[in-house]
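Quick notes on the structure that follows.
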Amino acid sequence: MNALLVHPPIADSFLGHQHALTFINKRAVSPPLGLLTVAALLPPEWNARLVDMNVQPLTDADLAWADCACISAACTQRDVARTLIARCRHAGLVIIAGGPLFTMEPEDFPEVDHLLLHEAETTVPLLLSDLARGTPRRMYRPEGFADMTRSPAPAWRLARLSSYALAAIQFSRGCPYGCEFCNMPFLLGRTLRRKTVPQIIAELDALWAAGWREQIFVVDDNLNLDARFLKQELLPALIRWQRHPARAWCNVPFYAQACITLADDDELMGMMVRAGFTQLFIGIETTDEAALAAAGKTPNRGRDLAGDVRRIQRAGMIVHAGMIVGFDTDTPAVFERHASFIRDTNTVLAKVSILQAPRHTPLYGRLEREGRIASPHPRDNTYGDTNIMPRMGLRALQSHYRDFQETLFSPGEYYGRLRSFVRASGVPRAGMRPSMSRLRGLCMVVWRLGIRAPSRGLFWRMVAAAARKPRLLPWALMLAAQCHHHHLFWAGLRRTTSQRAEGAAA
Ligand code: SF4
């Protein structure tokens, strides 16, 4: 059996980092970890081929080679997934689909032959044994969640690793919190499950053996749920792994998602820095206590969130803040509150989104009862869209949102944040390993931001500030390239919207 594992394209968006990727000659942020895990679950007599449409085209020859297509997609890839399914069906392939999109909305894809909901580790073996018996079912919805200690290492050999900015790895799944807007408890359960330390080290060794020397993104939703395990087992092993002579002079940097409660534990933060953790994405959501309480974001309540972010930065990790607008208690003043928080904490990159209600979340249930669901599916909030009817009014919310994003990523604002950040922040321990592609990236940054851009004066002021902490400088340049991406994205969106409005008026 020839299995074509296909990841649909991700639209140009402020999250796709398309403009920033051009600096380092990469095509996508990270490889499709779910499909690589599916590949590792297939029996040896199956032939697997990965086509990530973000780094290579899906050709007719690929379709002619395959017997079946295994498609995995996130909810934001709904439309392109539909087009892809139609193409595979036209080519006569059996279609197997899984991942968040199909787990959240299985009834919307009648054209899929076999739907694998939730985790591949539980559903792929069931499908394989049913196929062997000649009695495959249309839908596989497991009762429980997978035992991650039996999860295979992703089949890295199938991915064109050099096309990605980050590799990806997963240590654990499941989150015990029940934030009203979050679909993770539905997708992955509320009990923390994790791989063993030897499993994790073996995966890192496999990535290293495959030639990977760049940043590794730990995709876990909440890395620091079990501080005891981190401090006593995982982090000591990672610190030992980094001490290998080939890595000791320049540790491999890790990027993870963590909970703000990390700021309470100096020992844990220190060990994370020594293990190579360099960037953290932290869900701040909002600074409004009433909104945090209503959303059930319990770990963030009653805290000095700005002080917490500054403590983590001083420890030597770069914090990217996730924030939301559109909670029921929000008025237009939320935008100024968010802007103050971002400025006061020197958070260079903040991902601010409009609240959405994915299906199977408590928020969806509540808003449905209140008659405030505008569409069953979350919309592409790249353009400030949402599937809920916000109390602030959709038009007002969207208009404030776009103005807010444009201001946040105007060069004066982001270079100001970058300068404050390099002055106040600790220095990450893991560095960026010199390479030809890094050198090329550096030349591109200097050429485009330091010579050609109208904001070049601000760029060189930032470089002068960062030069006092030379180990921080490469990270500051990386952040500048990412802010430049956001600036181009929002400016481009403004142009497109104005042109559309002019076209409609004419
Ligand atoms: S938002 Fe974060 S803390 Fe809340 S349920 Fe989701 S993963 Fe857990």
Side-chain angles (χ1 to χ4, degrees), residues 15 33-34 74-76 99-101 103-104 118-119 145-146 148 168-195 217-227 229-230 255-265 268 272 277 279-303 305 308-309 312 317 319-330 338 341 347 349-367 378 381 386-388:
L15 297 177
L33 195 59
C75 294
T76 49
L101 171 64
T103 302
M104 297 293 289
H118 298 279
E119 296 167 295
F145 290 98
M148 288 193 73
I169 190 169
Q170 188 166 43
F171 298 163
S172 68
R173 294 182 198 146
C175 178
Y177 298 115
C179 303
E180 191 189 32
F181 52 82
C182 180
N183 56 7
M184 282 305 149
F186 169 76
L187 287 171
L188 298 175
R190 294 185 70 163
T191 304
L192 180 66
R193 296 163 289 129
R194 58 178 172 244
K195 293 177 181 168
F217 179 43
V218 181
V219 302
D220 306 26
D221 291 301
N222 215 332
L223 180 74
N224 57 314
L225 281 172
D226 186 347
F229 169 72
L230 289 180
Y255 180 160
Q257 306 185 90
C259 180
I260 193 69
T261 52
L262 173 65
D264 299 336
D265 194 332
L268 180 56
M272 285 177 66
F277 285 88
Q279 300 188 73
L280 295 179
F281 180 87
I282 297 184
I284 301 295
E285 323 308 1
T286 178
T287 54
D288 177 21
E289 265 298 319
L292 287 173
K297 185 86 187 184
T298 43
N300 289 30
R301 293 190 58 199
R303 304 184 63 92
L305 292 167
D308 291 338
V309 169
I312 297 170
M317 289 178 279
V319 175
H320 307 301
M323 303 187 81
I324 295 176
V325 290
F327 288 116
D328 283 359
T329 50
D330 282 348
H338 278 18
F341 178 86
T347 299
L349 281 178
K351 179 201 154 199
V352 182
S353 313
I354 292 186
L355 184 68
Q356 301 242 37
R359 265 194 265 180
H360 308 292
T361 59
L363 179 65
Y364 189 95
R366 176 169 70 81
L367 295 187
N381 69 4
T386 176
N387 68 331
I388 71 166

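In listed order, ligands and their atoms are each counted from 1. We're numbering straight along the sequence, starting at 1.
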Heavy-atom nearest neighbour in the protein, as seen from [atom], with distance rounded to 0.1 Å:
atom                    : result
atom 8 (Fe) of ligand 1 : C175 SG, 2.3 Å
atom 2 (Fe) of ligand 1 : K297 NZ, 3.8 Å
atom 5 (S) of ligand 1  : Y177 O, 3.5 Å
atom 4 (Fe) of ligand 1 : C179 SG, 2.3 Å

With S172 as partner, the option from D220, N222, D221 fulfilling side chain to side chain donor-acceptor pair (under 3.5 Å) is D220
Should the ring pair H320 and Y255 be called parallel, tilted or perpendicular, given that the plane angle runs from 0 to 90° and is split at 30 and 60?
tilted
Is there side-chain contact between E119 and R193, with at least one heavy-atom pair below 4.5 Å?
yes
Which ligand 1 atoms, with their elements, are less than 4.0 angstrom from a heavy-atom of N222?
3 (S)
Tightest non-hydrogen contact, residues P299 and T261, listed as O-CG2, 3.9 Å
Among R301, R303, K297, whose salt bridge (Lys or Arg N to Asp or Glu O under 4.0 Å) with E289 holds?
R301
Ligand 1 contact on C182 by region, counting heavy-atom pairs under 4.0 Å:
side chain
